[in-house]
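What follows is a single structure, written as structure tokens, with notes after it.
Below, chain A is the first sequence line, B the second, and so on; all start at residue 1. Everything quoted here is computed from the prediction, not taken from an experiment.
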Amino acid sequence: MDLNLLTREDEFTWRVEPHGDMRVPAVLYADEALIRDMDHKVYEQACNVAMLPGIVKASYAMPDAHWGYGFPIGGVAAFDPKQGGVVSAGGVGFDISCGVRTLTTGLRREDVETVKSELAKILYYTVPAGVGSTGKIHLDDREMDAMLAGGAQWALERGYGRTEDLERTEEHGRMPGARPEQVSPHAKKRQRDEMGTLGSGNHYLEVQHVTEIYDTGIAAVYGIRPGSIVLSIHCGSRGLGHQIGTEFLKRMALAAGQYGITLPDRELACAPIESPVGEAYLGAMRAGINCALANRQIITHLARQAFAKVLPPADLRLLYDVSHNTCKVEEHEIDGQTRPLFVHRKGATRAFGPGHAEVPPAFREVGQPVLIGGSMGTASYILAGTNESERRAFSSACHGAGRAMSRHAATRQWKGGRLVNELAERGIVIRSPSMRGVAEEAPGAYKDVSAVVDAAQQAGLARKVARLEPVVCIKG
DNA sequence: ATGTCC
């Protein structure tokens with residue numbers, strides 16, 4: 001990105017003043033090197049989002065931002081329904097409620113070292129991964145609707161997981177306002193056999209060890225210790241979320257025209273929040289959130305079964321489950337007034353700070369765990385929400401490393417089998433049904449997650465707590 | 001992300 005396009009507000013804050021049809025500024029958070037390397041498309045897309053009706057304060061880009069469909073991935077934008085605000089399917093993303101869930105295991109690095117290949121094998125055969133992967137759970141129409149309304153709570157009622165998992169899940173495992181009847185029969189059909197599966201792309205199930213603690217106090221509250229083993233699950237709402245996104249993009253393109261909304265980019269298809277299509281999308285999208293929450297809950301149950309076979313002393317306790325592809329109604333302060341806003345986070349993690357009522361009581365004093373997934377073979381991070389993040393980006397932070405190269409370019413540069421061998425030499429066991437997928441996910445195709453996380457911390461979006469490095473990675 | 005193009 002050309003630095004001349006931006007006004008540097010401070011070392012980690014870059015601003016584009018409103019010009020043309022922009023209603024608010026665009027604000028990018030990153031260090032200079034990340035901004036230089038950032039795709040020019042992020043500039044264009046962040047500015048385009050700033051043109052949408054009812055947007056308040058600014059259109060934001062996180063340090064891991066890259067080119068997405070309409071909105072940048074790593075984009076945050078909030079809309080006020082009382083000012084003609086809109087909801088956009090492209091502002092949530094195709095993988096509705098994609099997110100990360102991390103569990104502590106009570107194990108130490110040395111406990112898994114000798115059994116990691118066996119553990120990888122059993123996890124791989126227990127949790128289906130890959131394009132079109134299906135599981136052992138099959139939902140009829142009635143159960144599908146119950147799942148879409150009940151989320152992780154539904155999963156728990158069916159025997160997948162422990163009661164205490166829910167208090168460590170965003171929305172207590174169940175997103176209110178879901179309207180299963182707004183989800184098309186086709187979207188439901190696609191999901192029928194996909195519960196408890198990882199899917200593909202950047203999704204993974206990873207056994208990680210804690211290599212560094214940055215904040216001892218918060219780490220203690222989170223139950224994270226140096227040298228301990230954790231399990232992280234990164235996945236979303238599978239075929240159902242994708243189908244909802246696809247269908248509503250079309251409906252919103254028509255609606256935008258009907259409501260006289262001029263779109264700077266047709267990919268920014270949107271509808272007024274207070275319109276039949278807007279309300280239908282919100283109901284379907286919330287059902288999609290419940291699908292993702294139920295999916296990660298079932299995978300948790302399957303992972304516990306796998307661990308019990310290889311490492312019976314393991315006790316997998318949920319640290320937290322947080323999404324990074326959502327649109328949620330939240331109270332935020334605008335011009336000294338607290339108002340309900342529709343906050344779109346696409347490739348951006350909610351990051352509520354200390355004292356926020358939505359943060360589980362156990363973490364209330366230190367802020368919400370913010371789970372940042374790295375790329376395959378690289379570090380992941382646990383951060384904590386800050387109060388500063390509220391005024392910086394509606395309490396949001398980055399979500400991962402962010403792609404630096406297209407999937408196609410990555411497959412030209414790397415071979416999956418070779419990557420697996422190289423990572424094995426570094427002690428990391430990879431299992432995946434697709435070597436092409438592994439090549440697409442080559443660590444070199446991503447930005448440096450450490451630089452991204454440092455920038456997020458320096459910009460005040462979240463605070464570093466711990467660094468995690470992979471031991472076993474089941475890759476979709 | 002995605003039954004990686006109905």
Side-chain angles (χ1 to χ4, degrees), chain A residues 41 45 64-75 88-101 128-135 138-139 144 183-205 233-250 267 269 281 284-285 287-289 291-293 295-296 299 323-327 344-349 373-376 399-412 416 432-442 445-446 474-476:
Chain A
K41 276 279 176 189
Q45 293 191 320
D64 52 338
H66 55 110
W67 182 8
Y69 187 93
F71 284 59
I73 296 162
S88 170
V92 171
F94 282 94
D95 191 5
I96 294 167
S97 196
C98 183
V100 180
R101 162 179 289 224
V131 179
S133 48
T134 54
H138 313 286
L139 302 184
M144 177 63 67
V183 178
S184 72
H186 186 49
K188 292 174 184 175
K189 188 181 172 193
R190 283 185 67 174
Q191 193 60 30
R192 212 158 47 185
D193 305 316
E194 290 194 341
M195 295 310 294
T197 66
L198 271 180
S200 63
N202 63 2
H203 291 168
Y204 59 76
L205 186 154
I233 299 162
H234 178 210
C235 64
S237 52
R238 307 287 289 106
L240 181 125
H242 187 267
Q243 191 62 32
I244 292 171
T246 305
E247 291 169 12
F248 274 95
L249 276 167
K250 287 178 196 154
E267 293 184 357
Y281 175 71
M285 188 262 312
I289 291 179
C291 177
L293 293 174
N295 195 31
R296 290 195 287 272
I299 291 172
S323 300
H324 47 238
N325 281 3
T326 57
C327 172
H344 294 63
R345 294 189 183 88
K346 179 188 190 180
T349 311
S375 49
M376 182 186 60
H399 83 305
R403 287 201 81 89
M405 192 186 286
S406 73
R407 294 185 175 277
H408 188 70
T411 56
R412 282 197 301 253
S432 175
S434 165
M435 282 306 117
R436 181 176 151 195
V438 168
E440 289 178 354
E441 291 295 315
Y446 280 82
I474 311 302
K475 194 75 197 156

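In this structure, N295(A) places its CG atom 14 Å from C1' of dT2(B), rounding to the nearest Å. Between H203(A) atom NE2 and dT4(B) atom P there is a gap of 16 Å when expressed in whole angstrom units. Rounded to an integer number of Å, the gap from CD1 of I73(A) to P of dT2(B) is 13 Å. Atoms CD (E440(A)) and P (dT4(B)) sit 12 Å apart, rounded to a whole Å. Atom CZ in F94(A) sits about 12 Å away from atom P in dT2(B), given to the nearest Å. In this structure, Q243(A) atom CD and dC6(B) atom C1' are separated by 11 Å, rounded to whole Å. One interatomic measurement links the two molecules: NE2 of H242(A) to P of dT4(B), which rounds to 9 Å at whole-angstrom precision. Rounded to whole Å, atom P of dT2(B) lies 15 Å from atom NE2 of H186(A).
Under 4.0 Å is where a charged nitrogen must lie from a carboxylate oxygen, and between E194(A) and K189(A) no such pair does.
Counting any heavy atom pair closer than 4.0 Å across all strands shown, H324(A) reaches no nucleic acid atom.
Checked by atom type and distance alone, the side chain of R296(A) pairs as donor or acceptor with a backbone atom of C235(A) at under 3.5 Å. A side-chain donor-acceptor contact under 3.5 Å links D64(A) to the backbone of G400(A). Using modelled atom types, one side-chain atom of K346(A) and one backbone atom of Y69(A) make a donor-acceptor pair closer than 3.5 Å. Panel note: side chain D95(A), backbone S237(A); a donor-acceptor pair is recorded below 3.5 Å. Side chain of N325(A) to main chain of G347(A): a donor-acceptor pair is present (N/O by atom type, distance under 3.5 Å, no hydrogens or angles).
Side-chain N/O atoms of R407(A) include none lying less than 4.0 angstrom from OP1 or OP2 on dT4(B).
Each of E441(A) and V131(A) was assigned the nucleotide of DNA chain B with the nearest heavy atom; the assignment lying further toward the 5' end belongs to E441(A).
Ring centers of H399(A) and H234(A): at least 6.0 Å apart, outside the cut-off.
For DNA chain B, the neighbouring residues in residues 193-201 of chain A, judged by any heavy atom under 4.0 Å, are E194(A), G199(A), S200(A), G201(A).
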